Colleague: 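Sharing a structure with you now.
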Amino acid sequence: MTRFDELSAALHRRDVSASQTLDAQTSARLTALLAHHWRGNNPAWQQCVASHGLSEAQLPRSAGELGRLPLMTRDLLRAGGFAERPNAAAFQCVSTSGSTQSAVRMAHNFEMSRATLFDNFLRLFVLNGIADPFPFYGISHRFEGSVSGSQTTMRFMSEHFGDAVAVGGVTEPNELHHERLTRLAPRTLASAPGVVTALASHVLEQGVRLVIPLIVVGGAPLHVSDRALIERAFSPQEILIFYPTTDAGALGGFVNLRGEYVSFPETHVIEVVHADGTQVAAGEEGLVAVTALDSLATPLIRYLVGDRVTYLGRGEGDSGRGDRVRMRAIRRTSDAMIGDFKIPLADLEGWRDALAQRGFHTSALQVAKRRTENGQLTLLVRIEASAPPADAQARALEVVLTDKHRARIFTVYMGEMTEHTDLIFPTSQRTQITGSDQIWSQKRQQRHHDQEVAVHAKRVVDALHDLSLRTPYDRLVI
C-alpha cells in the first residue's frame, strides 16, 4: 500500500467519525505539544505566555481553550530566534517567498515537513475524489541558502513515487517546461498560479494546446482570466486549488464539489479570529490563526499566517461528524512585496474604498508584476467586481479593447465594469528591408506578421466565447 492509499483510507475514516472522538484525539496531541514547547531549550515561547499571566498548569488542554494563549506573529518568532535555536532537531529551515513584507525563516522538524507539505498535498487529491494523479510534473520555487514549501513537497513526491514524478524549477525557461510536458504527457501539472499562467501563455503563443487532465495551483487565489487562459492551453478536466504556506505548512484545499476550502485537521488546528484573538461567528471574516500539531522545532501555536478568510463553520453541520474548518474568500492581510515594489495593505484597502465611491463593488483586487516589451518592470492591477444578478446577466454589455498586440475584455452592467481578460501577444514589427532580396524578404516578413496577428485575433475570439458561456450578453462593442 502506498502513502497515497494510506492517507486516502485514513481521511475517509476521519470524515465519518464523531466530532467528539476527533476532538479528544486533537486535545491529546495539543496538550503534548504545549508541554514540549514550555519545557523546550528555547525559553522564548514560555516567557511570552508567562507574560500574559499563564503558568504551565494553566496551559490549554483542548482546542476550545486555545483562546487563553496570545496570538503569535512572525516578528515574535523571529525575535525568539527559533531558526537558530529550535526546540527539536531541525530537519530543514524553510523560508517564505518574500511575497510579504515580513518574510521569515522557520525551523521544521522532519514530521512537520512530511506531514504538512507532503501528506497534505496528497490529501488535496483525495478530498476531490482523485484516485490517480500520476504521471506528475511539478514546478517548484528554490531559494539560495534555504528551501521553499513547494521545493519540500516536490522532494517528498520524488522520493516516494520515483519515476512517476518529474520536477522543474521556476527559474527554468518555459521552453524547457513545454518540452518536458510534451515528452512526459503528465496527468497532473502543479505549481504557483503565476507560474502555470505564464506557461499557459507560452504554450498558446506556440500555436499548440496540450491536454493535461489535472492542474494544481497553490499560494494565491486564481484570477478568473488566469483560469480561462489555463483552460484554453491545457484543457483540464479539473483545476485543484491548494492552500499552502511555507512557514506553517499546507492548511487546506478547495473542494470543487462543495465550492469551499476545508482545513486539514490531521495536522492543524485552524481558528478564524478577530484581532483580539476571539473566535468569529459563522459567515464572518477573520484572521487565520494556526496551531501546527507536528511543529516541535518552532512553536507555531496560534500563529498568524497573514491571511483573512470568511469562516463557514466546522464539521458537517448538524450531523456531528468530521472536524474540518470550512472557509472561503482567502486574502492577504500583510503588506505585499511585488518585486522591488512595496504595496502597503492600507493602500490596497484604500483602492477598494475609492472604487466603491465610483460604483465598483469589488470582490477581488490583484496586484502583480509584469515586464513590458522594453524590459521595464511595472505593476498590473486587476479588478474583479461582484457578478450581476442571474436574471439580469443577459442585459450585460461586452467591451473589447484591442489592437494587434494586446486585448482587454470587460463586462459592463449598470455602471459597473469588470475586467475579465488581459491578453498580450508580442507580434513582430514590419520592417523595411534593404538589399537585392528586398521584395522577397519584405513579403515573407509581411506574411509572418499577418499570421501572428491572425493568431492573436483567434485568441481574442476564444476568450470572448469562453466568457459568453459564463456571462451572457446582448451587446458587443469592439
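In this chain, numbering begins with 1 at the start of the sequence shown. Just so you know, these numbers come straight off a predicted model, no measurement behind them.
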Colleague: What pair of heavy atoms forms the shortest contact from R68 to L54, and how long is it?
Modeller: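 Where R68 meets L54 most closely, the heavy atoms are O-CD1, 3.5 Å.
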
Colleague: If the plane angle is over 60° it's perpendicular, under 30° parallel, otherwise tilted; pick one for F161 and F118.
Modeller: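 The rings of F161 and F118 sit tilted, inter-plane angle from 30° to 60°.
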
Colleague: For the residue pair H160 and F4, is the inter-centroid distance of their aromatic rings smaller than 6.0 Å?
Modeller: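 Judged by ring-centre distance (under 6.0 Å), H160 and F4 do not meet the cut-off.
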
Colleague: Does atom CZ (R328) have a neighbourhood of more than 12 heavy atoms from anything else shown, all under 6.0 Å?
Modeller: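 For R328, atom CZ is not crowded (no more than 12 foreign heavy atoms under 6.0 Å).
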
Colleague: So, taking the atom named CG in D23 and the one named CG in L30, what distance separates them when rounded to the nearest 0.5 Å?
Modeller: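 If I round to the nearest 0.5 Å, the distance is 11.0 Å.
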
Colleague: Less than 4.5 Å apart, side chain to side chain, heavy atoms only: is that true for T152 and S113?
Modeller: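 Yes, their side chains come closer than 4.5 Å.
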
Colleague: Under 4.0 Å between a Lys/Arg side-chain N and an Asp/Glu carboxylate O for D294 and R114?
Modeller: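 Salt bridge between D294 and R114, a charged N being under 4.0 Å from a carboxylate O: no.
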
Colleague: Could you tell me if T2 and D5 have a donor-acceptor pair between their side chains, going purely by distance under 3.5 Å?
Modeller: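 The answer is yes; a qualifying pair exists.
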
Colleague: Check whether the side chains of D75 and T73 place a donor and an acceptor atom closer than 3.5 Å, and report yes or no.
Modeller: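 Result is no, nothing qualifies.
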
Colleague: F134 pairs by side-chain contact (heavy atoms from CB on, under 4.5 Å) with which of T188, L214, V165?
Modeller: V165

Colleague: How long is the gap from CG on N128 to CZ on R123, to the nearest 0.5 Å?
Modeller: 14.5 Å

Colleague: Pick one: which of L293, L300, T116 meets side-chain contact (heavy atoms from CB on, under 4.5 Å) with H268?
Modeller: T116

Colleague: What I want to find out is whether E65 reaches R61 closely enough, with some N-O distance under 4.0 Å, to be called a salt bridge.
Modeller: no

Colleague: Are S150 and P244 packed together at the side-chain level, in the sense that at least one heavy-atom pair is separated by less than 4.5 angstrom?
Modeller: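 When only atoms from C-beta onward are counted, P244 and S150 do not touch, as no gap falls below 4.5 Å.
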
Colleague: Of the non-hydrogen atoms in W45 and L59, which two are nearest, and what is the gap between them?
Modeller: CH2-CD2, 4.2 Å

Colleague: Please determine if D323 and R14 form a salt bridge, counting it only when a charged side-chain N lies under 4.0 Å from a carboxylate O.
Modeller: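 A salt bridge is present here (some side-chain N lies under 4.0 Å from a carboxylate O).
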
Colleague: Quick one, V94 and Q92 - any side-chain contact, counting heavy atoms below 4.5 Å?
Modeller: yes

Colleague: Does the side chain of R74 come under 3.5 Å of the side chain of Y303 through a donor N or O and an acceptor N or O?
Modeller: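 Present: a donor and an acceptor within the cut-off.
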
Colleague: Which heavy atom of A107 sits nearest to which heavy atom of A90, and what is that distance?
Modeller: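 Nearest heavy atoms, A107 then A90: CB-CB, 4.2 Å.
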
Colleague: Could you walk me through whether E231 and I239 pass side-chain contact (heavy atoms from CB on, under 4.5 Å), step by step?
Modeller: CA-CA 9 Å; E231 289 172 345; I239 298 178; 4.1 Å; yes

Colleague: Between L127 and V255, what is the shortest heavy-atom contact and its length?
Modeller: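 Of all heavy-atom pairs spanning L127 and V255, the closest is O-CG1, 3.9 Å.
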
Colleague: With a 4.5 Å cut-off on side-chain heavy atoms, are L77 and M72 touching?
Modeller: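 SC-SC contact between M72 and L77 confirmed.
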
Colleague: Heavy atoms only: give me the nearest L304-A289 pair and the separation to one decimal.
Modeller: CD2-CB, 4.1 Å

Colleague: Any side-chain heavy-atom pair from I270 and V290 closer than 4.5 angstrom?
Modeller: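 When only atoms from C-beta onward are counted, V290 and I270 do touch, with a gap below 4.5 Å.
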
Colleague: Could you go through the side-chain contact (heavy atoms from CB on, under 4.5 Å) check for V203 and F234 one step at a time?
Modeller: CA-CA 9 Å; V203 169; F234 303 124; 4.0 Å; yes

Colleague: Are W38 and V49 close enough that some pair of their side-chain heavy atoms sits under 4.5 Å apart?
Modeller: yes

Colleague: Show, in sequence, the C-alpha distance, side-chain angles and deciding distance for Y243 and F254, and conclude whether the ring-ring contact (aromatic ring centres under 6.0 Å, His included) test is met.
Modeller: CA-CA 8 Å; Y243 182 15; F254 193 84; over 10 Å; no

Colleague: Can you name the nearest heavy-atom pair linking F82 to A297, along with the distance?
Modeller: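 Looking at all heavy atoms of both residues, the closest pair is CD2-O, 4.1 Å.
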
Colleague: Please test H37 against I301 for side-chain contact (heavy atoms from CB on, under 4.5 Å), starting from the C-alpha separation and ending with a verdict.
Modeller: CA-CA 10 Å; H37 283 295; I301 301 167; 4.0 Å; yes

Colleague: Would you say the side chain of L189 lies within less than 4.5 Å of the side chain of L210, judging by non-hydrogen atoms?
Modeller: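 With C-beta onward as the side chain, the pair stays apart.
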
Colleague: Any side-chain heavy atom of H141 within less than 4.5 Å of one from M154?
Modeller: no

